[in-house]
2 protein chains.
Amino acid sequence: MTKYATKILEIVESSHSHMTADQIFDALRRTYPTVALATVYNNLNRLWQEEKIHKVSVEGMPDRYDRVERHDHLVCKKCGRLLDVDLGDLTAQLERAAGLSILSYDLKLIYLCDECRSDTEQKGM
Amino acid sequence: MTKYATKILEIVESSHSHMTADQIFDALRRTYPTVALATVYNNLNRLWQEEKIHKVSVEGMPDRYDRVERHDHLVCKKCGRLLDVDLGDLTAQLERAAGLSILSYDLKLIYLCDECRSDTEQKGM
DNA sequence: AATAGAATTAGAACAATTCTAAAATTGGTG
DNA sequence: CACCAATTTTAGAATTGTTCTAATTCTATT
């Protein structure tokens with residue numbers, strides 16, 4: 001673990017805000033002002049392969065990074081906002097229902113966040 | 001619905017293979033050899049907004065398109081291969097567990113496809 | 001046939017990410 | 001410490017997937 005990898009892991013784990021590579025780059029530059037964006041991508045990929053961080057993908061948006069402890073997500077259908085939610089470990093149930101063994105799963109609950117809901121109501125939709 | 005939109009919808013619905021925009025472009029060109037890629041993106045976006053097709057996003061891969069009837073997915077952790085699986089409609093359970101109301105959900109079971117599993121075993125992993 | 005509105009086109013532009021090759025850093029070993 | 005090899009970082013170019021733009025074509029209506 002190099003100093004950059006260490007700090008990047010720290011940033012990803014301490015922020016629960018699902019940052020993009022670019023946001024992590026900005027945050028990292030506050031500590032190491034000369035770091036290159038490629039270093040961020042290198043280390044994010046390495047940490048991801050080593051399963052030290054998670055990647056969250058929502059259609060049409062840049063990948064976001066997340067701590068690795070199991071939990072699920074709420075995704076706003078309108079604005080893509082991402083929030084944590086934890087429904088507990090459903091692996092056993094899912095395996096039973098699917099009739100095969102899985103490594104893990106990725107569960108996103110699609111909803112309308114408060115902000116988007118009030119936008120929608122305003123416009124009488 | 002224009003002729004392109006109609007044909008694109010037909011391609012997406014008839015193939016259960018989760019095609020990328022590019023693959024849909026190729027397929028469409030077999031019927032309309034002069035069609036432009038932008039037309040494919042325009043129509044895919046339109047159909048998606050009208051909720052006539054689904055978009056499936058896996059980290060690091062181009063978006064893939066899918067029929068809209070509810071079903072879940074198996075995603076191979078190694079190669080990203082996507083297969084359909086249907087665990088039934090879990091909306092009610094998930095809402096109960098999460099304590100809020102949702103529009104829908106996106107469930108991916110992560111596994112190793114047969115091919116990747118035998119690769120893995122060969123290398124003694 | 002004239003017109004307006006929508007759809008399509010080609011290609012440029014853009015954003016996110018990966019690649020490349022060179023330079024810097026790190027960790028042993030003699 | 002001095003050397004070497006391996007790893008990491010760097011800057012910038014390249015690639016990929018997608019969107020944008022403005023001109024053109026198509027369609028439907030008068």
Side-chain angles (χ1 to χ4, degrees), chain A residues 1-12 15 17-66 75 77-82, chain B residues 1-12 15 17-66 75 77-82:
Chain A
M1 289 282 286
T2 67
K3 65 178 179 178
Y4 291 125
T6 306
K7 187 68 188 172
I8 287 171
L9 183 56
E10 196 184 308
I11 289 169
V12 170
S15 136
S17 66
H18 311 100
M19 299 165 89
T20 62
D22 223 62
Q23 292 170 330
I24 293 167
F25 178 48
D26 286 344
L28 186 61
R29 273 202 291 192
R30 289 203 263 284
T31 309
Y32 300 110
T34 64
V35 72
L37 180 56
T39 301
V40 173
Y41 277 105
N42 285 346
N43 282 296
L44 284 173
N45 282 334
R46 186 158 8 202
L47 290 166
W48 178 61
Q49 275 162 32
E50 292 166 357
E51 314 212 6
K52 297 206 178 87
I53 59 177
H54 240 66
K55 229 188 240 193
V56 186
S57 177
V58 174
E59 352 84 322
M61 332 200 105
D63 287 346
R64 287 176 268 186
Y65 295 86
D66 201 0
V75 184
K77 179 169 194 161
K78 252 295 187 36
C79 68
R81 185 189 311 252
L82 207 55
Chain B
M1 289 283 285
T2 66
K3 67 179 178 177
Y4 292 124
T6 305
K7 187 69 189 171
I8 288 171
L9 182 55
E10 197 184 308
I11 289 169
V12 170
S15 135
S17 66
H18 311 101
M19 300 165 87
T20 62
D22 224 62
Q23 291 170 329
I24 293 167
F25 178 49
D26 286 344
L28 186 61
R29 273 202 291 193
R30 290 201 264 285
T31 309
Y32 301 109
T34 63
V35 73
L37 179 57
T39 302
V40 173
Y41 276 105
N42 285 344
N43 282 297
L44 284 172
N45 282 334
R46 187 158 12 209
L47 290 166
W48 178 60
Q49 275 161 33
E50 292 166 357
E51 315 213 7
K52 297 206 177 88
I53 59 178
H54 240 67
K55 229 186 239 191
V56 186
S57 177
V58 175
E59 353 83 322
M61 331 200 104
D63 286 346
R64 287 175 270 185
Y65 294 87
D66 200 1
V75 183
K77 178 168 195 161
K78 254 291 190 38
C79 68
R81 185 188 311 251
L82 207 56

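Letters A, B, ... are given to chains in the order of the sequence lines, protein chains preceding strands, and every chain is numbered from 1.
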[X] [atom1] to [N] [atom2], straight-line distance once rounded to whole Å:
{"X": "E59(B)", "N": "dT18(C)", "atom1": "CD", "atom2": "C1'", "result": "16 Å"}
{"X": "R29(B)", "N": "dA10(C)", "atom1": "CZ", "atom2": "C1'", "result": "13 Å"}
{"X": "M1(A)", "N": "dT7(D)", "atom1": "CE", "atom2": "C1'", "result": "15 Å"}
{"X": "L44(B)", "N": "dT8(C)", "atom1": "CG", "atom2": "C1'", "result": "14 Å"}
{"X": "N45(A)", "N": "dC19(C)", "atom1": "CG", "atom2": "C1'", "result": "12 Å"}
{"X": "Q23(B)", "N": "dG17(D)", "atom1": "CD", "atom2": "P", "result": "10 Å"}
{"X": "M61(A)", "N": "dA15(C)", "atom1": "CE", "atom2": "C1'", "result": "13 Å"}
{"X": "R64(A)", "N": "dA16(C)", "atom1": "CZ", "atom2": "P", "result": "12 Å"}

How far does CG of L28(B) sit from CD1 of I11(B), to the nearest 0.5 angstrom?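 Nearest 0.5 Å value for the CG-CD1 distance: 5.0 Å.
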If I take atom CG from residue N43(B) and atom CE from residue M1(B), how far apart are they, to the nearest 0.5 angstrom?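 If we round to the nearest 0.5 Å, N43(B):CG and M1(B):CE are 8.0 Å apart.
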S15(B): which residues meet the side chain to side chain donor-acceptor pair (under 3.5 Å) condition with it, sequence neighbours left out?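 So S15(B) forms a side chain to side chain donor-acceptor pair (under 3.5 Å) with S17(B).
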Give the intermediate values and the outcome of side-chain contact (heavy atoms from CB on, under 4.5 Å) for residues K55(A) and Y65(A). CA-CA 5 Å; K55(A) 229 188 240 193; Y65(A) 295 86; 3.5 Å; yes
Considering only residues two or more places apart or on different chains, which pairs with a residue in residues 27-42 of chain B satisfy side-chain hydrogen bond (donor to acceptor under 3.5 Å, both in side chains)?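 Every side-chain hydrogen bond (donor to acceptor under 3.5 Å, both in side chains) pair that includes a residue of residues 27-42 of chain B, provided the two are not neighbours, is D26(B)-R29(B).
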Short side-chain N/O contact to dT17(C) OP1/OP2 from Y41(A), under 4.0 Å: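 Indeed, a polar side-chain atom of Y41(A) lies that close.
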In degrees, rounded to 10°, what is the bend between the two ends of the helix from dA1(C)-dT30(D) to dG30(C)-dC1(D), using five pairs at each?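 One end's axis against the other's: 10°.
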Pairwise N/O distances under 3.5 Å, protein to nucleotides 9-16 of chain D:
residue, atom, partner, partner atom, Å
dT9(D), OP1, T2(A), OG1, 3.1
dT9(D), OP2, N43(A), ND2, 3.2
dT10(D), OP1, Y4(A), OH, 3.3
dT10(D), OP2, A36(A), N, 3.0
dT10(D), OP2, T39(A), OG1, 2.5

Provide the full list of salt bridge (Lys or Arg N to Asp or Glu O under 4.0 Å) pairs with a residue in residues 31-50 of chain A, sequence neighbours left out, each pair given once.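 Counting only pairs at least two positions apart or across chains, the salt bridge (Lys or Arg N to Asp or Glu O under 4.0 Å) contacts touching residues 31-50 of chain A are E50(A)-K52(A).
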Under the rule for side chain to side chain contact (heavy atoms under 4.5 Å, CB included), what residues qualify as partners of H54(B), not counting sequence neighbours?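 Side chain to side chain contact (heavy atoms under 4.5 Å, CB included) check on H54(B) returns D66(B), V68(B).
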